[in-house]
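Report on one structure; see the data block that follows.
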Amino acid sequence: MKATITSIELKGPFKFFALSATALKILKQLKSTHCKEFRKKGVWTTHYTMTLWNTEEELKEFARSGAHLEAMKNSGKIAKEIRTITIDAEVLPDWSAAKKLLEGGKVWKF
């Protein structure tokens, strides 16, 4: 199975409203997939998500379509930085371990 961990650092606290509107659309999309587990956490301008998938193909199908694809295209409007990492895992890690894993993840700066 595959787990994806993502962090987004917003350009400022008022970008939270745009993030929330986008997140609602992504969650609706996520509910129509084979995602095994989803967790989110965030405060102020830093937010995290974790998803667990049966296969990398399911993960990529989700990431490259619908609301998630649109969010990726527009992420530079609200994000200062996005980090992501995909790992082999049978369960999602705890938040402490997830944040440590993100240190070695792929980084986009806007």
Side-chain angles (χ1 to χ4, degrees):
M1 292 205 299
K2 295 287 184 178
T4 295
I5 306 161
T6 303
S7 69
I8 183 169
E9 184 181 348
L10 300 176
K11 289 183 176 179
F14 292 110
K15 297 296 182 183
F16 174 76
F17 301 105
L19 176 67
S20 294
T22 300
L24 287 173
K25 294 173 188 171
I26 293 171
L27 284 174
K28 183 177 179 183
Q29 178 188 354
L30 189 62
K31 288 179 182 178
S32 70
T33 69
H34 296 289
C35 179
K36 303 292 284 176
E37 189 175 355
F38 167 73
R39 291 188 201 158
K40 64 183 171 92
K41 177 180 183 170
V43 177
W44 199 241
T45 59
T46 305
H47 299 268
Y48 301 89
T49 63
M50 287 193 278
T51 53
L52 185 65
W53 302 87
N54 288 310
T55 67
E56 190 165 358
E57 291 75 28
E58 289 177 352
L59 169 127
K60 286 180 179 180
E61 184 179 322
F62 166 75
R64 297 176 181 165
S65 65
H68 192 274
L69 176 61
E70 284 304 308
M72 289 193 314
K73 288 179 183 177
N74 295 311
S75 58
K77 295 177 183 175
I78 66 167
K80 191 186 310 183
E81 178 184 286
I82 295 176
R83 289 180 180 260
T84 187
I85 191 165
T86 299
I87 59 170
D88 291 317
E90 295 301 312
V91 296
L92 292 176
D94 62 43
W95 284 112
S96 177
K99 290 176 184 180
K100 193 149 193 79
L101 286 164
L102 273 173
E103 292 173 10
K106 188 170 182 179
V107 179
W108 290 269
K109 293 191 181 269
F110 302 96

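Because only heavy atoms are used, hydrogens play no part in the values below, and waters and symmetry mates are left out as well, while side chains stay in.
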Residues that, via side-chain heavy atoms closer than 4.5 angstrom, fall in one hydrophobic cluster with L30: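 Its cluster mates, by chain and number, are I26, L27, F38, W53, L59, F62.
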
Between [atom1] of [X] and [atom2] of [Y], what distance do you get to the nearest 0.5 Å?
{"X": "E81", "Y": "T45", "atom1": "CD", "atom2": "OG1", "value": "11.0 Å"}
{"X": "E58", "Y": "T51", "atom1": "CD", "atom2": "OG1", "value": "11.0 Å"}
{"X": "T49", "Y": "R39", "atom1": "OG1", "atom2": "CZ", "value": "12.0 Å"}
{"X": "K60", "Y": "T86", "atom1": "NZ", "atom2": "OG1", "value": "9.0 Å"}
{"X": "K100", "Y": "D94", "atom1": "NZ", "atom2": "CG", "value": "12.0 Å"}
{"X": "R83", "Y": "I8", "atom1": "CZ", "atom2": "CD1", "value": "13.0 Å"}

Least distance between heavy atoms, [X] atom then [Y] atom:
{"X": "M50", "Y": "P93", "result": "CE-O, 3.3 Å"}
{"X": "M1", "Y": "E90", "result": "CE-O, 3.1 Å"}
{"X": "A79", "Y": "I82", "result": "CB-CG1, 3.9 Å"}
{"X": "I87", "Y": "L101", "result": "CD1-CD1, 3.8 Å"}
{"X": "A89", "Y": "L52", "result": "O-CD1, 3.7 Å"}
{"X": "I85", "Y": "G105", "result": "CB-CA, 4.0 Å"}

When you look at CZ of F16, are more than 12 heavy atoms from neighbouring residues, nucleotides or ligands closer to it than 6.0 Å?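 Atom CZ in F16 is not packed in, count stays at 12 or less.
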
Could you go through the side-chain contact (heavy atoms from CB on, under 4.5 Å) check for M72 and H68 one step at a time? CA-CA 6 Å; M72 289 193 314; H68 192 274; 3.5 Å; yes

Scan for ring pair (Phe, Tyr, Trp, His ring centres under 6.0 Å) pairs involving residues 82-110, sequence neighbours excluded, and state none if there are none. none

Is the shortest side-chain heavy-atom distance between [X] and [Y] below 4.5 Å?
{"X": "H47", "Y": "L10", "answer": "yes"}
{"X": "D88", "Y": "K2", "answer": "yes"}
{"X": "N54", "Y": "K36", "answer": "yes"}

Going by distance alone, is a donor N or O of one side chain under 3.5 Å from an acceptor N or O of the other, for Q29 and S65? yes

Any side-chain to backbone donor/acceptor pair from S7 onto T84? Under 3.5 Å, distance only. no

Determine yes or no for a side-chain-to-main-chain donor-acceptor pair under 3.5 angstrom, with K80 supplying the side chain and G12 the backbone.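 Checking the backbone N and O of G12 against the side chain of K80, no donor-acceptor pair under 3.5 Å is found.
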
Lys/Arg N to Asp/Glu carboxylate O, E70 vs K73, below 4.0 Å: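 Yes, charged N to carboxylate O under 4.0 Å.
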
